Protein chains: 2
Amino acid sequence: MTEPMDYALFKEMMTISKEELYLETLAENRESIQIKKEETIIKNLEKIFKATLKISNQKGFQAMTMRELSQEAGISLGALYAYFKSKDDLLGMLQNQRRAFVSRMLEKEIEKQTQPILRLRAMIRTHLFLSEIMQPWFYFSFMEAKNLGPKEKKKAIESDLWSGNLLEKLLIQGQAEKVFKNRDTSLTAEAIKAMLQDWYLKRSKFRTISVDRYFEFIMEVVETYLGVAATI
Amino acid sequence: MTEPMDYALFKEMMTISKEELYLETLAENRESIQIKKEETIIKNLEKIFKATLKISNQKGFQAMTMRELSQEAGISLGALYAYFKSKDDLLGMLQNQRRAFVSRMLEKEIEKQTQPILRLRAMIRTHLFLSEIMQPWFYFSFMEAKNLGPKEKKKAIESDLWSGNLLEKLLIQGQAEKVFKNRDTSLTAEAIKAMLQDWYLKRSKFRTISVDRYFEFIMEVVETYLGVAATI
DNA sequence: GTCTATATACGGATAGAC
DNA sequence: GTCTATCCGTATATAGAC
């Protein structure tokens with residue numbers, strides 16, 4: 001039983017870890033948040049982040065006004081500023097929270113496997129499933145990458161490079177062990193990332209396809225190209 | 001000699017058709033442009049469009065101020081408004097011009113071929129080469145799609161659907177003629193578009209790869225997946 | 001045809017009442 | 001802890017001189 005994991009199972013696993021998300025954000029920004037009661041903070045931060053993603057994904061983060069955000073989140077303009085110092089600060093908090101969560105999950109899931117093909121599958125599957133659960137953020141993150149301040153932009157690029165290199169390392173490892181056919185690893189890794197990206201960038205186009213099905217499709221393309229016999 | 005076309009040749013072919021671009025835009029917007037001398041209009045529209053793409057691709061169209069644009073284009077703020085009625089109007093002119101050009105080129109190149117595999121190659125190659133020549137606009141168009149007004153947005157979606165359906169039709173045709181292996185045509189078309197998109201969205205990552213090489217890579221992935229022997 | 005100066009509006013952020 | 005009212009900067013767009 002090497003691969004019992006489907007999306008339903010993965011999702012269940014994640015909902016448990018979801019609570020820690022806001023506790024971590026709270027701890028990191030405790031001094032800049034003017035509210036005392038932690039329960040209130042978590043409840044409202046969640047509303048604020050959700051509203052930010054909703055509006056920004058419709059019209060862009062820059063175009064979103066604080067007045068719109070206050071209305072959508074159901075918190076007055078003045079009260080919003082008790083949770084963050086500035087609009088850019090809000091962006092930073094959101095990005096830090098989600099990025100940390102994603103890379104932690106990727107690392108954890110890959111470490112469970114040792115064989116190249118299984119590690120590759122774990123990486124692709126985890127990325128895809130995470131992007132399904134957190135689709136609005138993945139979309140947002142891609143679209144707003146160039147609008148970030150210098151510090152945030154640097155972190156975003158590093159994080160992207162990290163996962164890109166990891167993918168390529170898995171391909172190189174597989175070739176070294178003669179499991180994968182010799183192909184340009186850099187281009188192959190980029191093609192995989194392109195297909196993963198497509199899932200969250202064009203979510204509405206995939207209405208009739210399940211994530212599990214899309215995962216199998218990516219693996220079919222990749223394994224055919226790498227000359228690997230299907231593993232299931 | 002079924003396929004002599006490489007990027008250098010394609011580029012040369014395009015520079016000829018480039019002049020008509022601005023003549024067409026001029027004709028369509030003649031009444032809203034307050035300048036008389038046509039030579040001046042074309043020269044300045046080109047400067048304005050170029051500057052718009054440059055700034056917008058760094059920080060987003062919304063975030064670009066008219067003052068920045070005037071400085072980058074070397075035209076004063078007041079003078080800019082002699083060429084268009086509003087910032088949104090400028091966006092509309094730019095989008096109409098480029099979109100019309102792209103779909104015309106795609107259609108023209110595909111019509112030259114009749115065999116499924118050659119039509120597929122023509123479509124992929126033309127799209128890729130166009131996105132190389134007009135990379136700033138392809139990037140801009142993708143990133144700003146959601147910021148367009150309702151009319152512009154509708155046109156953008158239609159144009160995207162059109163090329164997506166065309167690609168799928170080619171795949172279906174190839175399967176019907178038993179040239180391509182049976183695969184999910186909708187997902188396969190989407191994967192091809194994802195790889196094409198990656199080229200212009202992540203242009204800086206492909207510094208060391210030529211367009212011609214990337215074209216061969218895409219075809220290699222696609223032809224392997226569709227079970228077609230390489231044609232060259 | 002192009003410039004500078006300005007009218008007008010709107011957005012981010014804060015003050016202070018409740 | 002949350003609200004309303006407001007300050008202040010900056011953006012689009014225009015008016016009118018050259």
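Given the structure is predicted, the values throughout are model-derived calculations rather than measurements. Chain letters run A, B, ... following the sequence lines, proteins first and then strands; every chain starts at 1.
Using a 4.0 Å heavy-atom criterion, one finds that Asp89(A) contacts no nucleic acid atom at all. Backbone-only engagement by Thr65(B) is indicated by non-hydrogen atom pairs under 4.0 Å involving sugar-phosphate atoms exclusively. Residue Tyr83(B) is in sugar-phosphate contact alone, with no base atom involved, counting any heavy-atom pair closer than 4.0 Å across all strands shown.
Checking dG1(C), dG12(C), dT2(C) against the side-chain heavy atoms of Asn44(B) singles out dT2(C) as nearest. Listed nucleotides dG1(D), dT2(C), dA13(C) differ in distance to Lys87(A); the shortest reach to its side chain belongs to dA13(C). Taking only side-chain atoms of Ser76(B), from C-beta outward, the nucleotide of dT4(D), dT2(C), dA13(D) with the closest atom is dT2(C). Comparing dG1(D), dA13(D), dG1(C) against the side chain of Lys36(B) picks out dG1(C) as the nearest. When distances are taken from the side chain of Leu77(B) to each of dT2(C), dA13(D), dC3(C), the shortest belongs to dA13(D).
Straight-line distance from the CD atom of Gln62(A) to the P atom of dA11(D): 11 Å, rounded to whole Å. Leu90(B) has its CG atom 15 Å from the C1' atom of dA11(D), to the nearest Å. Look at CG on Leu69(A): it is 15 Å from C1' on dT2(D), rounded to the nearest Å. Distance NZ (Lys37(A)) to C1' (dT2(D)): 14 Å, rounded to an integer number of Å. Going from atom CD1 of Ile33(A) over to atom C1' of dT2(D) covers 16 Å, rounded to whole Å. Put simply, CE on Met66(B) is 20 Å from P on dA7(C), counting in whole angstrom units. Taking atom CD of Gln71(B) as the reference point, atom C1' of dT2(C) lies 16 Å away to the nearest angstrom. Residue Gln34(B) contributes atom CD, which lies 14 Å from atom C1' of dC3(C) at whole-angstrom precision.
Side chain of Lys202(A) to main chain of Ala194(B): no donor-acceptor pair is present (N/O by atom type, distance under 3.5 Å, no hydrogens or angles). A donor-acceptor pair under 3.5 Å links the side-chain atoms of Asn57(B) to the main chain of Pro136(B), judged by distance alone. Judged by distance alone, with hydrogens and angles left aside, the side-chain atoms of Thr52(A) form a donor-acceptor pair with the main-chain N or O of Ile48(A) at under 3.5 Å.
Under the 3.5 Å distance criterion, with hydrogens and angles disregarded, no donor-acceptor pair is assigned to the side chains of Ser186(A) and Glu168(A).
Taking side-chain N and O atoms only, Tyr81(B) has a distance below 4.0 Å to OP1 or OP2 of dA13(D).
Summarising the local packing, NZ of Lys146(B) is surrounded by more than 12 heavy atoms from other residues, nucleotides or ligands at distances under 6.0 Å.
Mapped onto DNA chain D by nearest heavy atom, Arg67(A) and Ala79(A) fall at different nucleotides, with Ala79(A) at the one closer to the 5' end.
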